[in-house]
Amino acid sequence: MNILSAQDFDFSRLQAFVEPWESSCVTLCSFIRKKKENLYVLCDKLDSETTLHGILYLDKTLLYCIPNPEALPDLLPSLTVFLKDKTVSCLNGEAAAGEIILEALKCMNREPYQTNHYNIMTIDTQPMPPPEELSCDDEIKRCADPVNETELLLPLQKMYMAKEVAPQGKQITDLEASAQLKSILKDQLCFALYSDGEIVSKANTNAIGFNYVQLGGVYTHPLYRKNYYAWHLVYTICQRVLKTGRKLSLFVKEKNNPAIMLYKRIGFVETGTYIIGYFK
């Protein structure tokens with residue numbers, strides 16, 4: 001099996017390959033849509049009869065779509081050769097293929113110091129509205145100004161990243177959180193819920209693919225939970241995205257039962273499993 005630069009391929013063919021599996025790799029699809037560098041294709045050979053088996057993106061973070069890894073006997077040795085001289089700080093994607101990639105890295109004595117497990121959830125129908133309306137002191141606002149709104153959202157973003165994204169024990173700096181927020185405010189949908197003039201809950205999209213948008217960044221300050229604030233924000237984003245003809249996908253920690261139950265009540269269904277592995 002070969003692992004070749006995606007620049008050697010027609011990107012419309014890469015899109016056609018990945019679309020059936022897009023709900024599990026929206027960020028990867030967004031990179032294919034933008035024809036980014038650092039994309040690679042798993043294939044038998046490079047000619048008109050080439051059979052595609054997967055797509056990778058690697059720029060320290062490794063993203064992938066390998067739909068049938070168990071059917072590829074040459075996958076493990078091919079990945080081992082490909083990754084031999086590559087830096088991988090984070091592995092991010094669907095669980096079955098991810099376990100084989102982890103095995104390839106293990107062959108080189110490179111094992112993650114932490115691996116988080118998630119459920120993939122998707123929605124393609126109208127979401128269930130929140131059971132209660134917001135009070136007169138609450139308001140949802142679209143946030144799209146990196147200059148003036150980054151600082152306002154920073155406290156919630158840092159708490160979200162520490163709880164849901166970062167490896168255990170890692171301290172999230174203002175610089176890291178600000179950089180991520182500025183990118184979100186510039187390129188994604190972001191909504192904040194104000195209560196008595198203060199931002200107490202937020203939600204945003206993380207990636208825009210061909211047919212799916214990835215939801216993320218859902219976080220409510222602990223003092224303001226059980227007010228259906230997250231439900232209101234997710235509902236708002238779902239309505240916006242579904243009107244464009246796209247569906248939504250997210251991944252949530254497999255043991256985060258309150259979040260899983262919330263998403264199910266809104267209308268999301270579990271469609272797969274996902275892992276993130278962190279390397280030193």
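This chain uses plain numbering: 1 for the first residue, then up along the sequence.
Taking NZ of Lys158 as the start and CD1 of Ile172 as the end, the distance is 8.5 Å to the nearest 0.5 Å. Once rounded to the nearest 0.5 Å, the distance linking CG of Leu75 with CG of Asn68 reads 11.0 Å. Going from atom CG of Asp124 over to atom CD of Gln126 covers 10.5 Å, rounded to the nearest 0.5 Å. How far CG of Leu250 is from CD1 of Ile120: 9.5 Å, rounded to the nearest 0.5 Å. Here the straight-line distance linking atom CG of Leu83 with atom CZ of Arg110 works out to 6.5 Å at 0.5 Å rounding. The NZ atom of Lys264 sits 13.5 Å away from the CD1 atom of Ile123 when rounded to the nearest 0.5 Å.
For the residue pair Asn256 / Tyr118, no side-chain donor-acceptor distance below 3.5 Å is found, with atom types taken as modelled. Of the N and O atoms on the side chains of Asn116 and Gln114, at least one donor lies less than 3.5 Å from an acceptor on the other residue. Under 3.5 Å, the side chains of Asp44 and His53 contain a donor-acceptor pair of N or O atoms. Counted by atom type alone, Asn211 and Glu19 present one or more donor-acceptor pairs between their side chains at under 3.5 Å.
Applying the salt bridge (charged side-chain N to carboxylate O under 4.0 Å, His left out) rule to Asp145 yields no partners; only residues at least two apart in sequence or on another chain are considered. Scored by the side-chain hydrogen bond (donor to acceptor under 3.5 Å, both in side chains) test, Arg265 finds no partners at all (sequence neighbours excluded). For Tyr235, the side-chain hydrogen bond (donor to acceptor under 3.5 Å, both in side chains) partners are Gln239, not counting sequence neighbours. Looking at residues two or more places apart in sequence or on another chain, you find a ring pair (Phe, Tyr, Trp, His ring centres under 6.0 Å) between Tyr263 and Phe268. Scanning for salt bridge (charged side-chain N to carboxylate O under 4.0 Å, His left out) contacts around Glu176 gives Lys170, with sequence neighbours left out. Ser201 meets the side-chain hydrogen bond (donor to acceptor under 3.5 Å, both in side chains) test with Thr220; sequence neighbours excluded. Not a single ring pair (Phe, Tyr, Trp, His ring centres under 6.0 Å) links Tyr278 to another residue, sequence neighbours left out. Under the ring pair (Phe, Tyr, Trp, His ring centres under 6.0 Å) criterion, Phe191 pairs with no residue at all, not counting sequence neighbours.
Looking only at side-chain heavy atoms (C-beta outward), Trp231 and Ile266 come within less than 4.5 Å of each other. In this structure, Leu215 and Ser249 have side chains that are not in contact, with every pair of non-hydrogen atoms separated by 4.5 Å or more. Residues Leu153 and Cys190 have side chains in contact (heavy-atom distance under 4.5 Å, counting atoms from C-beta outward). Between Thr271 and Val269, the closest side-chain pair of non-hydrogen atoms falls below 4.5 Å. Leu42 places a side-chain heavy atom less than 4.5 Å from the side chain of Leu56. The shortest side-chain heavy-atom distance between Tyr274 and His117 does not fall under the 4.5 Å cut-off. Between Tyr113 and Pro167, the closest side-chain pair of non-hydrogen atoms falls below 4.5 Å. Side-chain contact between Cys90 and Ile276 is present, with at least one heavy-atom pair separated by less than 4.5 Å.
Checking side-chain atoms of Glu149 against main-chain N and O of Leu152 turns up no donor-acceptor pair under 3.5 Å. Although no hydrogens or angles enter the test, the distance criterion places no donor-acceptor pair under 3.5 Å between the side chain of Ser178 and the main chain of Leu175. For the pair Tyr64 (side chain) and Glu94 (backbone), a donor-acceptor distance under 3.5 Å is present. A distance-only check finds no donor-acceptor pair linking the side chain of Thr205 to the backbone of Ala207 [under 3.5 Å]. The main-chain N or O of Asn227 is never found under 3.5 Å from a side-chain atom of Glu132 such that the two would form a donor-acceptor pair. Without hydrogens or angle criteria, Asn2 side chain to Leu4 main chain gives no donor-acceptor distance under 3.5 Å. Remark: side-chain polar atoms of Lys202 are not paired, donor with acceptor, to backbone N or O of Val218 under 3.5 angstrom.
Across all their heavy atoms, Gly209 and Val26 have their closest contact at N-CG1, 3.7 Å. Closest of all the heavy-atom pairs between Ser78 and Ile3 is O-CD1, 3.7 Å. Looking at every heavy atom in both residues, Phe11 comes nearest to Ala6 through CE1-O, 3.6 Å.
In summary, the aromatic rings of Phe82 and Tyr40 are positioned with their centroids under 6.0 Å apart.
Contacts classified as side chain to side chain donor-acceptor pair (under 3.5 Å) and involving residues 23-37 (residues at least two apart or in different chains) are not found. A salt bridge (Lys or Arg N to Asp or Glu O under 4.0 Å) check over residues 223-242, counting only residues at least two apart or in different chains, returns nothing. Annotation: salt bridge (Lys or Arg N to Asp or Glu O under 4.0 Å) contacts involving residues 241-259, sequence neighbours excluded, are absent. Note on residues 133-143: pairs passing side chain to side chain donor-acceptor pair (under 3.5 Å), not counting sequence neighbours, are Ser135-Asp138, Asp138-Ser195, Asp138-Tyr229.
With a 6.0 Å radius and a threshold of 12 heavy atoms from other residues, nucleotides or ligands, Met128 has its CE atom at or below the threshold. Within 6.0 Å of atom NZ in Lys86, more than 12 heavy atoms from other residues, nucleotides or ligands are found, so the atom counts as buried in its surroundings. Applying the 6.0 Å contact sphere to CD of Glu70 captures more than 12 heavy atoms from other residues, nucleotides or ligands.
The same ILVMFWY cluster, assembled from side-chain heavy atoms under 4.5 Å apart, contains both Ile237 and Leu193. Under the 4.5 Å side-chain heavy-atom criterion for ILVMFWY residues, no single connected hydrophobic cluster contains both Ile275 and Leu63. In this structure, Leu134 is not a member of the same hydrophobic cluster as Tyr219, with clusters built from ILVMFWY side-chain heavy atoms closer than 4.5 Å. Tracing side-chain contacts under 4.5 Å through hydrophobic residues (I, L, V, M, F, W, Y), one never reaches Tyr194 starting from Tyr228; they form parts of separate clusters. Under a hydrophobic-cluster definition in which Ile, Leu, Val, Met, Phe, Trp and Tyr are linked whenever side-chain heavy atoms come within less than 4.5 Å, directly or via other members, Leu262 and Tyr160 are assigned to different clusters.
Among Thr61, Leu62, Leu58, the single residue meeting the side-chain contact (heavy atoms from CB on, under 4.5 Å) criterion with Leu91 is Leu62.
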